[in-house]
Structures are given as C-alpha cells and as structure tokens.
Amino acid sequence: MENGLRNPSETTGKVITCKAAITWGPGEPFVMEEVRVDPPQKMEVRIKILFTSICHTDLSAWQGENEAQRAYPRILGHEASGIVESVGEGVMDIKKGDHVVPIFNGECGDCLYCKCEKTNMCERAGVDPFMTVMVNDGKSRFSCKEGKPIFHFLNTSTFSEYTVVESACVVKIDPDASLKTMTLLSCGVSTGVGAAWNIANVRAGSTVAIFGLGAVGLAVAEGARARGATKIIGVDINPNKFIKGRAMGITDTINPRDFEKPVHECIREMTGGGVDYSFECAGISEVLREAFLSTHEGWGLTVILGIHTSPKLLPLHPMELFTGRVIIASVFGGFKGKTQLPNFAKECMQGVVNLEEFITHELPFEKINEAFQLLIDGKSVRCMLHL
C-alpha cells in the first residue's frame, strides 16, 4: 500500500470497503462509517482520495438550506485530490496511478456546450445539485454494509476514502505538483481566480470590490492582484478576515457595521464614482445589490459568485441596467475543466497564485465535524483533511 492506495491489481473490478463521512439529515453530525464503493462503470473513474477540503457549498448542503436539494444518506464533499485506482470501459485519457482532481462541473468534450468556446457548461456532466446518482444507470456507486444506497453529491462525493465519478469530471495534473495544494483547484480557487481572469478579464490599473472574504473572495483578490489591479477593496462583516485578505491582495477594507451609510456610497467616494469590477461572494441578495451599485456607471461589471437560496430574485429594477452597468454570474470561474485547468495548475506551480495561503488548518479525516465548526465560526479559509 502506497499513499494509502491499495494495490490496484487486487481491487480492480471489485467492490472496495472503506471509510466515509456520511450525513443522515440536515445539520446532523457526520458519521464515519464503512461503506461499499462499486467498481467504475462505462466512462467512470474510481479515485483514492488523499486530501479533501471543505467549501461553503458543502456547509449549505449539510445544513439543508435548499430543501429541494436534500437527499439522505449522502456523501458530501467536492474539493479534493487523489490517485486513480481504476477506470471503466471507454476511458482513454485517464489511467491507473494518475494524479487527479475531481471537479463538480465536468467537460465531456462532445456535447454542444463543450464545443462552444463561449461557455464552460456541459450537457452530460455539468454541475447539478439535484443529481444524486450516476448518469449511466441511475444508480449509486455507494452503499452501506447492509446494502442501502448512499447518494452522490455534485458529481464528486469526496468525503470518502474512495469515490467514483464521471470521467468528464476528472482532471489529470502534473505528478510533480503538490496534491494537497492542487485540492484547492477543485472549486474555490478556480472559481475565484477564474472569475477575475476569464469572466471579468480584470485589467491592469483597474479598481475592484469584493463582497465576502471567504476562500472564493480571497481567490478573486489573488486573481485581481495577479492581473495588476491597483485598488482591491474587501468587504466583510468579520474584521478577522482582513488580515488574511491584505496578505492576498486586498488593499482597502470595509466593515459595513462601521458605517451608517450604504457600502456602495463609501466605495463610490473611495474610487471617484465606483469600481470597475465588483464580485459578490456572499450569496445574499442585499449584498448583491450593494455590489452592483458600487460599480461605476457606464462600464461597471458585477460578477455573481455567491450561491443564493431560492426563490430569491435579482434585487434590481430593469431600468437600473440602462446606466451601463452589467451583471453576470460565473460557474467554476469560466474554466473548461479538462482542457483549461491543467494549464492553470501549472501557473499555480510557478507561483502565479499562492495556494498555500488558503490553507489555514489541517486535520485528519476523522475530525471532519471539527473542520465544519471552524468554517461555521469563521476561523478557517480552507481546512485540509488528510485521508
């Protein structure tokens, strides 16, 4: 056994029994149990997970904030890295032993969306919070020891020592790269940096406002700094996040609780009319409106990154768009996972983005409940779990 990976020749084509953190209901503590993981079917890959981290989307799903998306028992987790244990029929670009990161927004390469350079959506393997089983046969690859199926999550389900995902959701990375830091490319860092690079196309000398300084917001700051933005304003109600923010590109900070007037008015005063780009990373409609109004009339662009619970509508009047401001949303930073993420990984290896700064805590997999509490308390940016 190497890096916790069992001898693939002994496990290929067989059911693997391993540990997984299962959630049995909204907000209930994760239970570490033995589960059965079936072999990969056609165009599927089974991965030995070595590292997984916790994103706010995992927290929202665990708490069951969106009732329509609830499904239990379930294995959550979507930010991870690992080594391929085996592949199913038809998988040509991934093989046993490859170092990989699973991604929640896949790229099959064959559908209309994948062939269109204007989008990173995918008809077969795109992000779908309602999907709880595999595409091939509508069944789960996870089950309890007594045979009860366990639902999948966001194409990935990484809170397990082994997982099975669509090959379209597996990205091969350089074996020389640190798997621990590459874990962050599964979601948070790619989402934030990509939003700054691919969606907003932040220009040198520009001004930026970021609402919400979690991992995604800080990744936006890293991306904006790398592109040469001269003023990057971080907005958050937790002042403890400002220290980390300044280390990652934030030049100015605003705590809305310190001001009697709306945040957008403060930002307009600071920037002579508003920022060139704003990024909403909080998932709160009132915050989205402030982000929109903080941009400059005529050319301001707002990018939505926060996950908003339904059935909230945009807090804007259509006539407000006639001022020249633009608003757009972004999934996975606009990256096409399989074709574009490997190059981004190389840039991270070269130091363009400092991935180590995002990892504030590290814990063994068994302490996953403690890791979630760190996120709830606002103490962690990313807590890395070692499997």
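From a predicted model like this one, the values you see are computed outputs, not experimental measurements. When reading the values below, keep in mind they use all heavy atoms of this one structure, side chains included, and skip hydrogens, waters and symmetry mates.
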Interatomic distance, Leu374 atom CG to Arg382 atom CZ [nearest 0.5 angstrom]: 13.0 Å
Okay, side chain of Gln41, backbone of Pro39: is any donor-acceptor separation there less than 3.5 Å? yes
Just wondering, are more than 12 heavy atoms of other shown residues or ligands nearer than 6.0 Å to NE2 in His264? yes
Are Tyr162 and Phe51 joined in one hydrophobic group, where the rule is that I, L, V, M, F, W and Y side chains link up if heavy atoms are under 4.5 Å apart? yes
Looking only at atom types and distance, does a side-chain atom of Ser157 sit under 3.5 Å from a main-chain N or O of Ile75, one as donor and one as acceptor? yes
More than 12 non-hydrogen atoms from neighbouring residues, nucleotides or ligands closer than 6.0 Å to CZ on Phe242, yes or no? yes
Less than 4.5 Å apart, side chain to side chain, heavy atoms only: is that true for Val193 and Val352? no
Ring geometry between Trp197 and Phe344 (parallel below 30°, tilted from 30 to 60°, perpendicular above 60°): perpendicular
Answer yes if Met248 and Leu305 sit in the same cluster of Ile, Leu, Val, Met, Phe, Trp and Tyr residues linked by side chain heavy atoms under 4.5 Å apart, and no otherwise. yes
Report the distance from atom OG of Ser160 to atom CG of Leu76, rounding to the nearest 0.5 Å. 11.5 Å
Any donor-acceptor N or O pair under 3.5 Å, side chains Ser278, Thr302: yes
Can you tell whether the side chains of Glu222 and Arg225 come within less than 4.0 Å, N to carboxylate O? yes
Could you please spell out the steps behind the side chain to side chain contact (heavy atoms under 4.5 Å, CB included) verdict for Ile150 and Cys144? CA-CA 7 Å; Ile150 304 172; Cys144 299; 3.8 Å; yes
Run through the side-chain heavy atoms of Ile, Leu, Val, Met, Phe, Trp and Tyr, join any pair under 4.5 Å, and report what else lands in Val235's cluster. Phe211, Ile233, Ile254, Phe259, Val263, Ile267, Met270, Val275, Ile284, Val287
Under a plain distance cut-off of 3.5 Å, with no hydrogens placed, do Thr323 and Glu297 share a side-chain donor-acceptor pair? no
Are Thr12 and Lys96 close enough that a side-chain donor and a side-chain acceptor fall under 3.5 Å? yes
Among side-chain atoms of Asn155 and His78, is any donor-acceptor pair under 3.5 angstrom? no
Taking Lys336 first and then Glu107, would you say they form a salt bridge - that is, a charged N and a carboxylate O separated by under 4.0 Å? no
Linking I/L/V/M/F/W/Y whenever any side-chain heavy atoms sit under 4.5 Å apart, do Ile304 and Phe279 land together? no
Ring geometry between Trp299 and His296 (parallel below 30°, tilted from 30 to 60°, perpendicular above 60°): parallel
With distance as the sole test, does Arg74 use its side chain to make a donor-acceptor pair with the main-chain N or O of Trp62 at under 3.5 Å? no
Centre-to-centre under 6.0 Å for Phe365 and His386, is that the case here? no
Any Cys383 side-chain heavy atom under 4.5 Å of Leu375 side chain: no
Report the distance from atom OG1 of Thr57 to atom CD1 of Ile307, rounding to the nearest 0.5 Å. 5.0 Å
Work out which heavy atom in Leu385 is nearest to a heavy atom in Ile54; give both atom names and the distance. CD1-CD1, 4.2 Å
Taking every heavy atom of Met43 against every heavy atom of Val91, the minimum-distance pair comes out as CA-CG2, 3.6 Å
Can a donor-acceptor pair be found, under 3.5 Å and without considering hydrogens, that links the side chain of His152 to the backbone of Arg141? yes
Lys338 to Ala168 - nearest heavy-atom pair and separation: CD-O, 3.5 Å
Are any of the side-chain nitrogens in Lys139 or Asp38 under 4.0 Å away from the carboxylate oxygens of its partner? no
ILVMFWY cluster, Leu50 and Met182 together (side-chain gap under 4.5 Å): yes
Counting only heavy atoms from other residues, nucleotides and ligands, does the tally under 6.0 Å from CZ of Arg203 exceed 12? no
Can you tell which of Ser186, Ser53, Ser190 makes a side chain to side chain donor-acceptor pair (under 3.5 Å) with Glu79? Ser53
For Gln63, look at atom CD and say whether over 12 heavy atoms of other residues, nucleotides or ligands are found less than 6.0 Å away. yes
If you count the non-hydrogen atoms of other residues, nucleotides and ligands that lie under 6.0 Å from NZ in Lys244, is the total more than 12? yes
Distance in Å, Ser380 OG paired with Glu362 CD, rounded so as to fall on 0.5 Å steps: 12.0 Å
For the residue pair Thr156 and Gly77, what are the closest heavy atoms and their distance? OG1-O, 3.1 Å
Take atom CZ in Phe322; do more than 12 heavy atoms of anything else shown fall under 6.0 Å from it? no
How close do Leu185 and Cys348 get, counting heavy atoms only, and between which atoms? CD2-SG, 4.0 Å
Taking Asp174 first and then Lys346, would you say they form a salt bridge - that is, a charged N and a carboxylate O separated by under 4.0 Å? no
Chi angles and distances behind the side chain to side chain contact (heavy atoms under 4.5 Å, CB included) call for Arg124, Cys111: CA-CA 7 Å; Arg124 176 184 173 89; Cys111 71; 5.9 Å; no
Val133, Val45: one ILVMFWY side-chain cluster at the under-4.5 Å cut-off? no
Minimal heavy-atom distance between Val216 and Cys281, with the atoms involved, is CG1-SG, 4.2 Å
Do other residues, nucleotides or ligands put more than 12 heavy atoms under 6.0 Å from the CD atom of Glu260? no
Heavy-atom donor-acceptor pair, Asp236 side chain to Leu213 backbone, under 3.5 Å: yes
